[in-house]
Amino acid sequence: ISLGYYTYPEARTIVPLAYGKTIEMFKIMEELTATPYPFNKYDQTIVSNFEFGGMENITATTMADTEIAYARVNFLRGNVEDLVAHELAHSWFGNNVTCENWAELWLNEAFATFFEAAVRDKMYGRDEYLRKVGGNAETFMTHDAAVPVSHGLFNRRAGDVSLLFKWPAEPYDKGGAVVHMLREQVGNENFWKALNLYLSRHRFAPVETADLRKVMEEVSGQDLKWFFDQWVYGTSYPRLTVRQTFNAGKKELRMDIRQTQSGDRLTPKAFRLSLDVELEYKDGAKELKKIDVDSRRQVITLPAKADPAKVTFDPNKKILLLSVKKR
């Protein structure tokens with residue numbers, strides 16, 4: 001694959017700083033998707049006065065010089081690497097397959113955002129991956145708390161295209177977090193097999209959310225209607241309030257769990273959550289328990305050898321779009 005880098009003559013020293021890991025990113029994306037880069041060249045061009053950070057024109061990505069300039073600052077170079085990874089990922093998710101219409105935009109942007117994290121995982125380790133997808137989730141939840149989003153990842157209000165990219169927290173940040181959660185739901189091996197099937201089955205064709213759900217169900221054997229209804233077509237995220245008490249005589253931990261999000265036509269009054277709960281005791285010992293929450297109010301009792309010093313919900317960060325407050 002021919003790789004080209006276009007910049008101002010006086011600024012050519014920015015190329016190795018900003019784009020030096022492009023080949024490594026190619027290898028990572030081809031390995032993860034088990035799908036070769038679908039085109040015959042890839043150029044990255046720096047331009048001025050560009051309204052976006054980057055644009056994934058097929059084989060010729062355009063990037064704003066103001067964004068790429070951050071590569072000269074050590075602690076900001078990671079942001080530029082994310083941008084390079086994001087636009088390259090669109091070669092598979094956005095160009096090899098592309099959304100059928102604007103309502104399905106999340107199929108392009110969520111996967112490109114997720115692959116920023118997937119590339120970090122391969123280059124820098126699991127902690128960086130979790131930091132990235134966790135940051136995406138936090139960005140969306142902060143935005144949703146301040147300015148509630150009135151549509152799901154599947155955007156029924158996509159008529160005004162100019163607004164789609166003005167508020168990117170939904171298709172980008174929530175989308176990246178939901179792709180991570182889908183991976184956790186179906187399992188790592190099934191997830192990557194399904195993505196390969198998705199990319200090969202719909203090569204150079206438009207796709208819909210139903211196409212993604214179908215391959216995930218085929219490979220995993222799971223019925224994922226509830227997952228897509230809740231996280232893709234639905235809005236907002238679950239907010240849990242937990243009151244816990246320990247019964248020393250019975251050696252039981254009682255948790256009174258309430259979902260407090262405002263339910264409406266698109267936001268579930270009760271999200272369906274399969275949660276890990278970690279109990280940590282004063283002696284340092286830990287126990288991992290699994291609970292299922294699917295009601296507005298639910299009382300769950302867990303066996304516990306003593307009063308836990310600390311109780312952590314979702315310690316392995318499988319469900320990122322979640323707020324838990326303890327009383």
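The shown structure was predicted, so the numbers you read here are calculated from the model rather than taken from an experiment.
- Of the inter-residue distances, the one linking D307 atom CG with K251 atom NZ reads 10.5 Å to the nearest 0.5 angstrom.
- Between the N155 side chain and the L105 main chain, no donor and acceptor come within less than 3.5 Å of each other.
- For F191, the ring-ring contact (aromatic ring centres under 6.0 Å, His included) criterion is met by F114, not counting sequence neighbours.
- In this structure, the side chains of Q244 and L253 come closer than 4.5 Å at one or more pairs of heavy atoms.
- Here the options are K132, K21, R77, the test is salt bridge (charged side-chain N to carboxylate O under 4.0 Å, His left out), and the partner is D82; only K132 passes.
- One finds a salt bridge joining E217 and R213 here, because a Lys/Arg side-chain nitrogen approaches an Asp/Glu carboxylate oxygen to under 4.0 Å.
- Side-chain atoms of L322 and F271, non-hydrogen and from C-beta on, never get closer than 4.5 Å to each other.
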Task: Residue pair F140, N136: steps toward the side-chain contact (heavy atoms from CB on, under 4.5 Å) verdict - done: CA-CA 6 Å; F140 168 73; N136 292 143; over 6 Å; no
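- Ion pairing between a basic and an acidic side chain is recognised when a charged N comes within 4.0 Å of a carboxylate O; K305 and E287 show no such pairing.
- Atom CZ of residue R296 and atom CD of residue Q259 lie 7.0 Å apart, to the nearest 0.5 angstrom.
- Among pairs with a residue in residues 312-327, those fulfilling salt bridge (charged side-chain N to carboxylate O under 4.0 Å, His left out) read D276-K318, at least two apart in sequence or across chains.
- Judged by distance alone, the side chain of Y37 and the main-chain N or O of K41 form a donor-acceptor pair under 3.5 Å.
- For the pair F115/L88, no side-chain contact is recorded, criterion being any heavy-atom separation below 4.5 Å from C-beta on.
- Heavy-atom minimum distance, N96 versus L199: ND2-O, 3.3 Å.
- Panel note: side chain D65, backbone I46; no donor-acceptor pair is recorded below 3.5 Å.
- The two residues T235 and P268 make their nearest non-hydrogen contact at O-CD, 4.1 Å.
- In terms of modelled atom types and a separation under 3.5 Å, the side chain of Q298 and the main chain of D292 share a donor-acceptor contact.
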TODO: Could you go through the side chain to side chain donor-acceptor pair (under 3.5 Å) check for T267 and Q261 one step at a time?
DONE: CA-CA 8 Å; T267 301; Q261 69 276 357; over 6 Å; no
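- Other residues, nucleotides and ligands contribute only 12 or fewer heavy atoms inside 6.0 Å of the CG atom of N49.
- A salt bridge is absent between R254 and E252: the closest approach of a Lys/Arg side-chain nitrogen to an acidic carboxylate oxygen does not fall below 4.0 angstrom.
- Panel note: side chain T113, backbone D173; no donor-acceptor pair is recorded below 3.5 Å.
- In the displayed structure, F39 atom CZ is contacted under 6.0 Å by more than 12 heavy atoms of other residues, nucleotides or ligands.
- In the displayed structure, F75 atom CZ is contacted under 6.0 Å by at most 12 heavy atoms of other residues, nucleotides or ligands.
- At least one side-chain heavy atom of R72 sits under 4.5 Å from a side-chain heavy atom of T13.
- L279 is listed as a side-chain neighbour of V311, based on a closest heavy-atom distance under 4.5 Å.
- Counting only distance, with no hydrogens or angles, the side chain of S200 and the backbone of L197 share a donor-acceptor pair below 3.5 Å.
- Heavy-atom neighbours of K269 NZ from other residues, nucleotides or ligands within 6.0 Å: at or below the threshold of 12.
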- [ ] Verify ring pair (Phe, Tyr, Trp, His ring centres under 6.0 Å) between Y172 and W106, making sure each step is shown before the conclusion.
- [x] CA-CA 7 Å; Y172 291 77; W106 83 276; over 10 Å; no
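- When each of T245, V299, L302 is tested with M255 by the rule side chain to side chain contact (heavy atoms under 4.5 Å, CB included), just one qualifies, namely L302.
- Within a 6.0 Å sphere centred on CZ of R126, heavy atoms belonging to other residues, nucleotides or ligands number more than 12.
- At least one donor-acceptor pair closer than 3.5 Å links the side chain of T98 to the backbone N or O of G94.
- Between the side chain of E56 and the main chain of S91, no donor-acceptor pair closer than 3.5 Å is present.
- Open room surrounds CD on E189; 12 or fewer heavy atoms of other groups in view lie less than 6.0 Å from it.
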Would you mind writing out the side-chain donor-acceptor pairs for residues 225-234 within the sub-3.5 Å range, not counting sequence neighbours?
unit_1: K225; atom_1: NZ; unit_2: D229; atom_2: OD2; d: 2.6
unit_1: W226; atom_1: NE1; unit_2: D223; atom_2: O; d: 3.4
unit_1: Q230; atom_1: OE1; unit_2: R272; atom_2: N; d: 2.7
unit_1: Q230; atom_1: NE2; unit_2: R272; atom_2: O; d: 3.1

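- Across D144 and S236, no two heavy atoms sit closer than the pair OD2-OG, 3.0 Å.
- Between the side chain of E116 and the main chain of A85, no donor-acceptor pair closer than 3.5 Å is present.
- One distance of note links CG of L320 with OH of Y237; it measures 13.0 Å at 0.5 Å rounding.
- In this structure the side chain of E81 never reaches within 4.5 angstrom of the side chain of V84, judged on heavy atoms.
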TODO: Dump the intermediate steps for side-chain contact (heavy atoms from CB on, under 4.5 Å) on I28 and M123, then the final yes or no.
DONE: CA-CA 9 Å; I28 290 169; M123 294 199 302; 3.6 Å; yes
TODO: Test F26 against Y42 for side-chain contact (heavy atoms from CB on, under 4.5 Å), laying out the working first.
DONE: CA-CA 10 Å; F26 260 90; Y42 188 64; 3.8 Å; yes
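- No donor-acceptor pair closer than 3.5 Å links the side chain of E184 to the backbone N or O of I319.
- Linking Ile, Leu, Val, Met, Phe, Trp and Tyr residues whenever their side-chain heavy atoms come within less than 4.5 Å places V15 and I23 in a single cluster.
- Here the side chains of W92 and L195 are not in contact, with every heavy-atom distance at 4.5 Å or above.
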- [ ] Evaluate the criterion side-chain contact (heavy atoms from CB on, under 4.5 Å) for residue pair L83 and Y70; output intermediate values, then yes/no.
- [x] CA-CA 11 Å; L83 175 60; Y70 291 132; over 6 Å; no
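- For I1, the CD1 atom sits in a packed shell: over 12 heavy atoms of surrounding residues, nucleotides or ligands are nearer than 6.0 Å.
- The number of heavy-atom neighbours closer than 6.0 Å to CZ of R12, taken from other residues, nucleotides and ligands shown, is 12 or below.
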- [ ] Run the numbers on N188 and W192 for side chain to side chain donor-acceptor pair (under 3.5 Å), then give the verdict.
- [x] CA-CA 7 Å; N188 186 61; W192 293 114; 3.0 Å; yes
